[in-house]
Q: 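First, the structure itself, so that you have it in front of you.
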Amino acid sequence: HKASLIVDKDFVISQIDDRLYGSFIEHLGRAVYGGIYEPGHPQADEQGYRKDVLDLIRQLRVPIIRYPGGNFVSGYDWKDGIGPKDQRPSRLELAWRTVEPNQFGLNEFVDWARVAGSSVMWAINLGTHGVDEARNIVEYANHPSGSYWSDMRIGHGFKEPHGIKTWCLGNEMDGPWQIGAKTATEYGRLAAESAKVMKWVDPSIELVACGSSGKFMATYPEWEATVLDHTYDHVDYLSLHTYYGNADNDTATFLGRSLEMEDFIRSIVATCDYMKAKKRSKKKMQLSFDEWNVWFHSNDADKKIDPWQIAPPQLEDVYTMEDALVVGCMLIALLKNADRVKVACLAQLVNVIAPIMTENGGAAWAQTIYYPYMHASVFGRGQALVPLVQSPKYDTKEITDIPYLETIAVYNEEAGEVTIFAVNRDLDNALPLDVDLRSFRSCEVISHLVLESGDLKAANTAARPDRVKPHEGGNAAADGFTVRAQLNRASWNVIRVR
Ligand code: AHR
């Protein structure tokens with residue numbers, strides 16, 4: 001029972017796009033109100049931005065944040081969120097059955113994201129809006145001046161254009177739960193025409209077309225093929241979404257779900273490349289995995305929330321140690337596909353299925369899943385290297401051939417560092433690992449971080465925010481050009497070598 005990995009700097013999957021470590025904030029639950037924005041909180045700055053939350057976000061080095069939804073966006077009028085706050089309307093928000101006070105909107109988000117050190121990925125409403133609003137919002141956000149919408153932005157106090165580069169053409173438009181859901185043909189046509197005029201307003205932008213809401217949709221993957229048939233020449237990315245859960249407490253299977261995620265990515269790549277061939281196109285469609293996470297803990301509680309409240313506690317999953325392992329495996333799945341997945345957004349960032357939790361008026365803290373996400377974002381920049389892995393495997397009722405070892409190495413040439421991310425999926429036993437670093441001239445272990453817990457159901461809470469957190473006590477050590485380490489049972493490991 002042991003595993004090995006060969007790390008060779010000449011076997012490169014791809015340069016990793018920094019945006020692989022993106023995240024997502026939706027006007028949903030307490031993500032915005034009571035999350036990133038809470039005027040009157042002791043930690044709030046003059047704008048009402050919570051500094052404690054900003055600190056936690058900055059440590060994650062989040063390169064890009066998708067906003068304002070999610071299902072929310074399909075009924076959202078972006079114009080409700082601009083201009084003097086006391087004149088903004090409160091609206092019934094039909095996606096999550098709340099009241100949206102519109103005290104935070106486009107300009108606030110762009111400004112907040114700048115303070116957080118992130119760029120903005122804006123999703124437009126293609127549920128109830130159409131081509132006209134699509135071009136108007138790009139003009140408002142990105143046109144320098146001298147036109148109705150750009151001058152209005154300037155009048156709102158933002159002289160410089162926001163320069164929002166990445167735009168999502170709607171959200172999950174295949175889902176019957178979506179406001180203004182569409183067939184693939186209806187959506188494909190609308191997305192293509194919206195894309196066309198948006199790029200006429202600002203040719204420098206990049207666009208993401210909606211793929212399926214998930215593999216579970218009956219219309220998957222025909223949806224993708226049809227949508228791409230209409231949009232291929234107009235868009236740059238196709239989106240993927242996936243969430244995993246462990247409702248029946250089958251942890252061995254839960255830990256294997258990232259294999260499904262990889263299979264999903266491969267199928268979407270194949271669909272994109274089929275369309276490339278059909279169109280005789282030179283363009284390679286890239287992927288935006290703009291919603292991914294574990295989501296299931298809050299499902300029952302959410303059913304009991306009364307409608308039409310402002311910012312009720314929705315989708316507040318409290319994440320456990322085992323969830324952090326799944327998130328770690330999902331991050332590795334994204335890295336393994338870094339040649340095609342250029343953008344990915346952990347859904348979401350604060351309070352709503354999120355690595356960061358807050359109390360209204362109170363503390364902010366990091367959930368278990370914060371740590372693999374932070375490690376990948378901070379140490380996983382550079383080139384993803386082909387994982388040449390040998391590992392014992394296991395089967396569950398649902399998934400077969402799950403390797404106990406899930407791993408990938410990232411080479412950061414600038415820093416002269418290699419980082420090995422590794423999960424031991426074995427729930428009972430430690431896994432000895434040999435990493436062969438034959439192509440490197442030196443081999444010195446900088447650190448071996450470990451996230452683990454005696455209790456796989458352990459979580460961080462306001463009362464015990466540090467119950468699950470990484471320690472430096474891994475035993476990785478160099479032996480010539482081999483690094484040997486013991487990966488403790490059910491652990492996330494970050495081994496940095498120079
Ligand atoms: O992230 C939560 C929700 O999941 C999003 O609003 C929606 O796009 C998806 O179904």
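All ligand and atom numbering here is 1-based and tracks the order in the structure. Scope of the values below: all heavy atoms of this structure, side chains included, with no hydrogens, waters or symmetry mates.
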Q: Which word best sums up how the rings of W492 and H375 line up, parallel for under 30°, tilted for 30 to 60°, or perpendicular for over 60°?
A: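 Judged by the thresholds at 30° and 60°, the geometry between W492 and H375 is parallel.
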Q: I need the atoms of ligand 1 closer than 4.0 Å to a non-hydrogen atom of F24, numbered in the order shown.
A: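 Atoms satisfying the 4.0 Å criterion: 1 (O).
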Q: Regarding E260 and K215, does a basic nitrogen lie under 4.0 Å from an acidic carboxylate oxygen?
A: no
Q: Does at least one non-hydrogen atom of I353 fall below 4.0 angstrom from an atom of ligand 1?
A: yes
Q: Which is closest to atom 10 (O) of ligand 1 by heavy-atom distance: E172, H27, Q178, Q314?
A: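 Shortest heavy-atom distance from atom 10 (O) of ligand 1: E172.
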Q: Do the charged groups of K279 and D229 touch, with an N to O distance under 4.0 Å?
A: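 Salt bridge between K279 and D229, a charged N being under 4.0 Å from a carboxylate O: yes.
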Q: If the cut-off is 4.0 Å to any non-hydrogen atom of N171, which atoms of ligand 1 fall inside it?
A: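 This gives 7 (C), 8 (O) as the contact atoms.
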Q: Hey, is F72 touching ligand 1 through its side chain, its backbone, both or neither, going by heavy atoms under 4.0 Å?
A: neither
Q: Give me the ring orientation class for W167 and W122: parallel if the planes are under 30° apart, tilted from 30 to 60°, perpendicular past 60°.
A: tilted
Q: Is R97 paired with D306 through a side-chain N to carboxylate O contact shorter than 4.0 Å?
A: no
Q: If hydrogens are left out, which of Y243, W295, W177 has an atom nearest to atom 1 (O) of ligand 1, that is, the closest non-hydrogen atom?
A: Y243
Q: So is E291 polar-close to ligand 1, meaning N/O to N/O under 3.5 Å?
A: yes
Q: For the 3.5 Å polar cut-off, considering only N or O atoms, please tell me whether E26 and ligand 1 meet it.
A: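 Yes, at least one N or O pair falls under 3.5 Å.
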Q: Parallel, tilted or perpendicular: which one describes the rings of Y33 and Y37, with boundaries at 30° and 60°?
A: perpendicular
Q: Heavy atoms only, cut-off 4.0 Å: how does N71 contact ligand 1, side chain, backbone, both, or neither?
A: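 Looking at N71 and ligand 1, atoms from backbone and side chain both fall under 4.0 Å.
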Q: Which word best sums up how the rings of Y319 and H297 line up, parallel for under 30°, tilted for 30 to 60°, or perpendicular for over 60°?
A: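 The rings of Y319 and H297 stand perpendicular, inter-plane angle above 60°.
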Q: Do V53 and M357 come within less than 4.5 Å of each other through their side chains, counting heavy atoms only?
A: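 Contact flag for V53/M357 side chains = no.
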Q: Could you tell me, atom by atom, which parts of ligand 1 come under 4.0 Å of a heavy atom of G70?
A: 5 (C), 6 (O), 8 (O)
Q: Select one of side chain, backbone, both or neither to describe which atoms of W96 lie under 4.0 Å from any atom of ligand 1, heavy atoms only.
A: side chain
